[in-house]
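When reading the values below, keep in mind they use all heavy atoms of this one structure, side chains included, and skip hydrogens, waters and symmetry mates. To find a chain, count down the sequence lines: A is the first, B the second, and so on, and within it residues start at 1.
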Amino acid sequence: MITLHRVCQEVPGLTEEVLLHWLAQDWVRPEQQGGEPNFREIDVARVRLIRELHTELEVDEPTLPLVLSLLDQLYAARRQLRLVLETLDPPVRESLAETLRPLIAVEY
Amino acid sequence: MSKNPYETLGVKKDATAAQIKSAYLKLAKQHHPDLNPGDKKAEERFKMINAANDLLGDTEKRARFDRGEIDASGQERPPQPSHERKFYRGFAEGAQGGRYRGAGPGGADTEAFHDIFADLFRNQGQGGPFPGGTGAQARDFRMRGADQRYQLSVSFIEAALGASRRLTLPDGRTLDVTVPPGLESGQVLRLRGQGDPGIGSSPAGDALIEVDIMPHPYFRREGDDIHLDLPVTAAEAALGAKIAVPTPAGPVTMSIPRHSDTGKQLRLRGRGILARGDRPAGDLYVTLKIVLGVPDAALEEALKTFYERHPIDPRQHLVETS
């Protein structure tokens, strides 16, 4: 179980007060366990990203939700595209690749 | 990673601290791996940029580098945790990334392709929404809903005895999950029809719940059996006693035979993992551990007199086999 306290130990310079504020803003959504937030690795990585966006990449607080929302949509799109490709049977996949090859530069 | 840090940041050797910071910020914004999920090399570039900044952003280190005392790769990255950093993008595209879909509290489901797929399914056989598109396949489009993955932590006792738990999903729905007795960590429970709705007349997908079992402070599990180290007093061990032993299902009374010693193992049949299906219940193995307790002058005196009269060497066999 990764507690609020441990996340703050793992992410240098982060205080519990700030992290609680991010939870209240719904920027980070850990599971709840017995009334306490239980962070998963994905949540910790997201905390680290938010902290970097804020402190190093100069994204100020009013703009952060906008950046996060765009990122979430980007990742949702990538997740869905991946799922769609995984659903395709190999012959369909190959024929799709043939059709798309001239349109998209795919890196292998 | 031993590239010249000045080249990495694209600054001159006599750049001011402000110029270095500004160059670093510009590059960091451009190359942050989480902002470039499709670019496999972004992570490496980002690490190089950070390493260069750690070196040049620190006046003392920069001076030592300039004097040739340390090389570009001779630096540790101070602010990072000791283990290799895992970026957000490594998780965001997996099933667990679904937790961060949508626009926040009460926000609409903004799954980015939802509208495009809706178009695709609506335009079946009509040539598609775009000129030149074919879209002529499968008039009655049907597709089973997607499976959704969730994670659930349960206590050791819940896993041993079975339990029912209510999960609140990121979208506010709740799922009642029955945890069967004897569940093992990492096992996945499938709730049929609790995933995404199907398209057309197809069934909904399933909810797949990966269960993580938290360790117990004193019970250990081995298959269907449970092990417990049980502290007893010297008197209970030597004279025998009836004592209450904790088991996952609650305390039971157990007899300790006379002349027991530390390490003696006793079995409580059927007190381990609960029976399920045609698998019988596991056993609870209790290993005695003699505890002397608080120091006491009378006990000390008694022990001294006793061992003077009956000297024993409990380590004899260690000497003989060494």
When heavy-atom pairs shorter than 4.5 Å are enumerated against chain B, which of [options] gives the highest number?
| options | value |
| --- | --- |
| A:Leu83, A:Val11, A:Asp43 | A:Asp43 |
| A:Val28, A:Val44, A:Val67, A:Leu68 | A:Val28 |
| A:Arg82, A:Glu41, A:Glu31, A:Glu56 | A:Glu41 |

### Query
Between A:Arg46 and chain B, which part of the residue has a heavy atom less than 4.5 Å away: side chain, backbone, both or neither?
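When you check distances to chain B, atoms from both the backbone and side chain of A:Arg46 fall under 4.5 Å.
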### Query
Where does A:Gln33 contact chain B at under 4.5 Å (heavy atoms): side chain, backbone, both or neither?
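For A:Gln33, the side chain is the part near chain B, not the backbone.
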Given side chains that start at C-beta, do those of [X] and [Y] come closer than 4.5 Å, heavy atoms only?
| X | Y | result |
| --- | --- | --- |
| A:Glu52 | B:Phe46 | yes |
| A:Asn38 | B:Gln151 | no |
| A:Ile42 | B:Tyr100 | yes |
| A:Arg48 | B:Lys86 | no |

#### Entry: Between A:Thr87 and B:Arg144: side-chain donor-acceptor atoms closer than 3.5 Å
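Distance-only check fails for A:Thr87 and B:Arg144.
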### Residue part contacting chain A, namely of B:Leu167, when any heavy atom lies under 4.5 Å
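Neither; nothing under 4.5 Å.
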### Trace of the side chain to side chain contact (heavy atoms under 4.5 Å, CB included) decision for B:Asp34 with A:Leu53
CA-CA 10 Å; B:Asp34 289 339; A:Leu53 286 172; over 6 Å; no
